[in-house]
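Everything numeric in this text was worked out from a predicted model, so none of it was measured.
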Amino acid sequence: QVQLVESGGGLVQAGDSLRLSCEASGRTFSSYAMGWFRQAPGKEREFVAAIDWSGGSTYYADSVKGRFTISRDNVKNTMYLQMNSLKPEDTTVYYCAASYLGIRAVVRGSGDYWGQGTQVIVSS
């Protein structure tokens, strides 16, 4: 069992940066590929970024490539999403997910565990 808790969301202006964190409970954090998703009210969940168990492989949605960076610290059981050059269209709730099946499963949205989400608001 893994519990995921996101933090770091908030209200910023366009062009600003934020770093989201996803802290996981349990001793098997390094066994899971991880990812970030976002979902606005009334819209489908959107893949943002994924990272494999070691941190050596990452994937990004085209909409965030070059602006967002995903990383993880397996000692701290924490995954991060550094978001730079934020745009108003990045406004939504961000969720982290973990999958024992690997990074491709995360990219497909097949998470075994999900966090509760953290709100990001980017004003223009």
Side-chain angles (χ1 to χ4, degrees):
Q1 186 75 13
V2 175
Q3 290 186 323
L4 305 175
V5 178
E6 302 96 335
S7 62
L11 171 63
V12 296
Q13 292 186 330
D16 285 351
S17 298
L18 274 178
R19 188 176 79 157
L20 305 183
S21 298
C22 173
E23 186 171 358
S25 65
R27 295 177 292 179
T28 60
F29 176 76
S30 60
S31 300
Y32 290 84
M34 305 286 295
W36 289 97
F37 294 79
R38 60 190 184 185
Q39 186 170 20
K43 294 189 176 182
E44 292 189 356
R45 186 176 61 203
E46 177 189 9
F47 166 75
V48 175
I51 189 167
D52 73 350
W53 68 273
S54 69
S57 181
T58 58
Y59 283 104
Y60 295 92
D62 288 342
S63 58
V64 306
K65 201 172 293 182
R67 299 188 298 124
F68 292 8
T69 302
I70 189 171
S71 62
R72 66 189 295 163
D73 185 333
N74 287 344
V75 174
K76 295 182 178 180
N77 281 10
T78 303
M79 175 182 63
Y80 305 97
L81 186 68
Q82 178 66 42
M83 305 187 295
N84 298 330
S85 302
L86 282 162
K87 304 175 181 179
E89 51 262 44
D90 295 318
T91 294
T92 189
V93 179
Y94 286 73
Y95 300 88
C96 65
S99 175
Y100 191 67
L101 297 179
I103 192 171
R104 293 185 179 182
V106 174
V107 174
R108 291 195 303 267
S110 300
D112 296 304
Y113 303 100
W114 293 86
Q116 299 281 35
T118 185
Q119 176 76 55
V120 171
I121 300 173
V122 184
S123 64
S124 57

Looking at [X] and [Y], what are the two nearest heavy atoms and their distance?
X     : Y      : answer
Ala33 : Gly102 : CB-C, 3.3 Å
Pro88 : Ala14  : CD-CB, 4.1 Å
Ser30 : Asn74  : CB-ND2, 3.6 Å
Ser17 : Ser85  : OG-N, 4.3 Å
Phe29 : Ala24  : CD1-CB, 3.3 Å

Using a 3.5 Å distance criterion without hydrogens, assess whether the side chain of [X] forms a donor-acceptor pair with backbone atoms of [Y].
X     : Y      : result
Asp16 : Leu86  : no
Tyr80 : Thr69  : no
Thr91 : Val122 : yes

Taking the side chain as C-beta and beyond, is there a heavy-atom pair between [X] and [Y] under 4.5 Å?
X      : Y      : value
Thr92  : Glu46  : no
Val2   : Asp112 : no
Ser63  : Arg38  : yes
Val106 : Tyr59  : no

Would you compute the distance between atom [atom1] of [X] and atom [atom2] of [Y] and round it to the nearest 0.5 angstrom?
X     : Y      : atom1 : atom2 : value
Gln82 : Ile70  : CD    : CD1   : 12.5 Å
Glu6  : Met79  : CD    : CE    : 8.0 Å
Gln13 : Ser124 : CD    : OG    : 9.5 Å
Arg72 : Ser21  : CZ    : OG    : 13.5 Å
Ser25 : Gln1   : OG    : CD    : 7.5 Å
Ser71 : Arg19  : OG    : CZ    : 7.0 Å

Looking at Gln3, I want to see if its CD is surrounded by more than 12 non-hydrogen atoms of other residues, nucleotides or ligands under 6.0 Å.
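Count not over threshold, so no.
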Does Glu89 have more than 12 heavy atoms from other residues, nucleotides or ligands lying within 6.0 Å of its CD?
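Result for CD/Glu89: enclosed.
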Under the side-chain contact (heavy atoms from CB on, under 4.5 Å) test against Met34, which residue among Asp52, Ile103, Leu4, Thr78 passes?
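The option that passes is Leu4.
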Among Val64, Asp90, Leu20, find the residue that satisfies the side-chain contact (heavy atoms from CB on, under 4.5 Å) test when tested with Met83.
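Of Val64, Asp90, Leu20, side-chain contact (heavy atoms from CB on, under 4.5 Å) with Met83 is met by Leu20 alone.
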With under 30° as parallel and over 60° as perpendicular, where do the rings of Tyr113 and Tyr32 fit, or are they tilted in between?
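Judged by the thresholds at 30° and 60°, the geometry between Tyr113 and Tyr32 is perpendicular.
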Would Trp36 end up clustered with Val12 when hydrophobic side chains under 4.5 Å apart are linked, directly or stepwise?
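They do share one cluster, since a chain of ILVMFWY contacts under 4.5 Å joins Trp36 to Val12.
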Do you reckon Trp53 sits in the same ILVMFWY cluster as Ile51, going by side-chain contacts under 4.5 Å, direct or chained?
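Each belongs to a different hydrophobic cluster.
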Candidates Trp114, Tyr95, Tyr94 - the one meeting ring pair (Phe, Tyr, Trp, His ring centres under 6.0 Å) with Phe37:
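Single ring pair (Phe, Tyr, Trp, His ring centres under 6.0 Å) partner of Phe37 among Trp114, Tyr95, Tyr94: Trp114.
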Ion pair present between Asp62 and Lys65, side-chain N to carboxylate O less than 4.0 angstrom?
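Looking at Lys65 together with Asp62, the answer is yes, because their closest N to O distance falls below 4.0 Å.
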